[in-house]
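Take a look at the structure below.
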Amino acid sequence: MLKQHLQFKLSQKLSPQQIQLMKLIQLPTQAFEQRLKQELEENPALETGKEDLDNVVDEYDDVYDDNADSETINTEDINIDDYLSDDEIPDYRTKANNYSSDDEEKSVPYAAGISFNQHLINQLNTVYLSDEEWNIAEFLVGSVDESGYIRRPISDIMDDLAFTQNVYTDEETITRILSIVQELDPPGVGARTLEECLIIQLERKDVTPSIELATEILKKSFEHFTKKHYQKLIQKHNITETELKDAIGEIEKLNPKPGGSYSGNNRIVEHVVPDFAIRITEGELELTLNGRNAPELHVSREYSNMLKGYKEAKDKSKSQKDTVMFIKQKLDAAKWFIDAIRQRQQTLFITMNAIMQYQKEYFLTGDERNLRPMILKDIADEIGMDVSTVSRVANSKYVDTPYGTKLIKEYFSESMKNEQGEDVSTREIKKILETVIQNETKKKPLTDDKLAAILKEKGYPIARRTVAKYREQLNIPVARMRKEI
């Protein structure tokens, strides 16, 4: 039996302009400047700087001849006056004290270094290699990952060289060229394992008894070393505890990720530019938005005059329509972009101000124990915006505070109840956990069970598995791995 029924479904679709606005809100200061530069290059109707308000074009009355010949175009859909009014050619910059003064703003230098891959290639250029050796070496350098390792098997590299580079060679040759790549800087680059990476670095150092012992431990007892089985190492290598401690000290000075100083093979290292600044003035918090987020923009006078000229022309032919429509499109885009930037500024400032007021006690003291539990919905409800909008601000923006520059999302945390039934931030618990671990006896580190017991004594009754989760989020290893001799 078939049944027919009507179903009404309410759905909301974002317009292209709304989507673009969301993307603008998500951009941090540096990326926003790039987006602004791109828009200025692509839209000649958009200009920077203050507009000369003495020469603003007056509004004009429509004076079109309804009896014009067939060559005359219909201008009703263009509404030129919209583009000639004072209001629609704004000298744009909000004048409220929400933005840092340009005079006080300091320029931030960028570390625009070359890519990690290019750094290695530049070094290869100083090594004498045959054409075939160069092709193999270049391919190996291209296989180095962000951490500085080559994690692919030699056999796979050999096959790829044949299929993609037309270089037919053997594993022995590749291994020999790999040893040349491993002589490049930073020390340890091109290693296939952590063990090999550390050994390469030790072999580049001046030989001392501690270096020799450290190298021997890595080559013969790597598993005992990683698991911190110190007594087994002492027995196996017939050494004293002091000698072991000195050798481990040498290993701890090494870099397990030689590529870590670079952001990636193809990315440029840049300094963080804070999007906001919070200062304490006479006991009150003061928030400013980085002035670089508030550019002075206006619609091009030249483009407005083009429309004015078209409007005043007695003969309006169809051949002019494409030009007029192009001008209209560019003016529309310019006005929308100016308005979108205004909305972006307002959204950023309102959101950050709500976060600052919500965490007022923390920002006045800098004590992380004063951080209140705060989730995205708390702020969204406070300012009457969507959670996704708050997320876009929190996940990509930095704030300069008296206590350092922080990613805004770091101030968000879940809550739990203490023994008094009060809501406390999980960040507060993590801070206490971190402090307890820092003060533990490293010869006998505290297990997760003991850490849970200590936190319970301090009024935070959480389970051992929760302690383990928080410890992992803090990048703190288990008790056995924290042990020192």
Task: Any donor-acceptor N or O pair under 3.5 Å, side chains S300, E47 - done: yes
Test item: [X] and [Y] side chains (from C-beta on) under 4.5 Å apart, heavy atoms:
| X | Y | result |
| --- | --- | --- |
| L202 | L198 | no |
| T389 | I383 | no |
| I437 | L446 | no |

Checking side-chain contact (heavy atoms from CB on, under 4.5 Å) against [X], which of [options] comes through?
| X | options | answer |
| --- | --- | --- |
| T215 | L213, I217, I211 | I211 |
| Q345 | I341, T347, L348 | I341 |
| S221 | H237, H229, K232 | H237 |

Open item on the list: Quick one: does any side-chain atom of T405 pair with a main-chain N or O of T401 as donor and acceptor, under 3.5 Å?
Closed with: no
Open item on the list: Quick check: Y411 with Y358 (ring centres under 6.0 Å apart)?
Closed with: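 Ring-ring flag for Y358/Y411: false, centres at least 6.0 Å apart.
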Open item on the list: If you take the centroid of each ring, where Trp contributes its six-membered ring, are Y230 and F225 closer together than 6.0 Å?
Closed with: no
Task: Note: K37-E33 ion pair, threshold 4.0 Å (strictly below) - done: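 Judged by the 4.0 Å cut-off on N to carboxylate O distance, K37 and E33 do not form a salt bridge.
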Task: K253 with E250: basic N within carboxylate O range, under 4.0 Å - done: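 Result for this pair is yes, salt bridge flagged.
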Task: CD-CG distance between E243 and L233, expressed to the nearest 0.5 angstrom - done: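 These two atoms lie 12.5 Å from each other.
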Open item on the list: Looking at E382, I want to see if its CD is surrounded by more than 12 non-hydrogen atoms of other residues, nucleotides or ligands under 6.0 Å.
Closed with: no
- [ ] Please indicate whether K409 has more than 12 foreign heavy atoms, meaning atoms of other residues, nucleotides or ligands, lying under 6.0 Å from its NZ.
- [x]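 No.
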TODO: Report the residues that fulfil side chain to side chain donor-acceptor pair (under 3.5 Å) with K442, sequence neighbours left out, ordered by chain and then residue number.
DONE: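 Residues passing side chain to side chain donor-acceptor pair (under 3.5 Å) with K442: E440.
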Open item on the list: Under 6.0 Å from the ring centre and within 45 degrees of the ring axis: does the NZ or CZ of R35 meet both conditions for the six-membered ring of F32?
Closed with: no
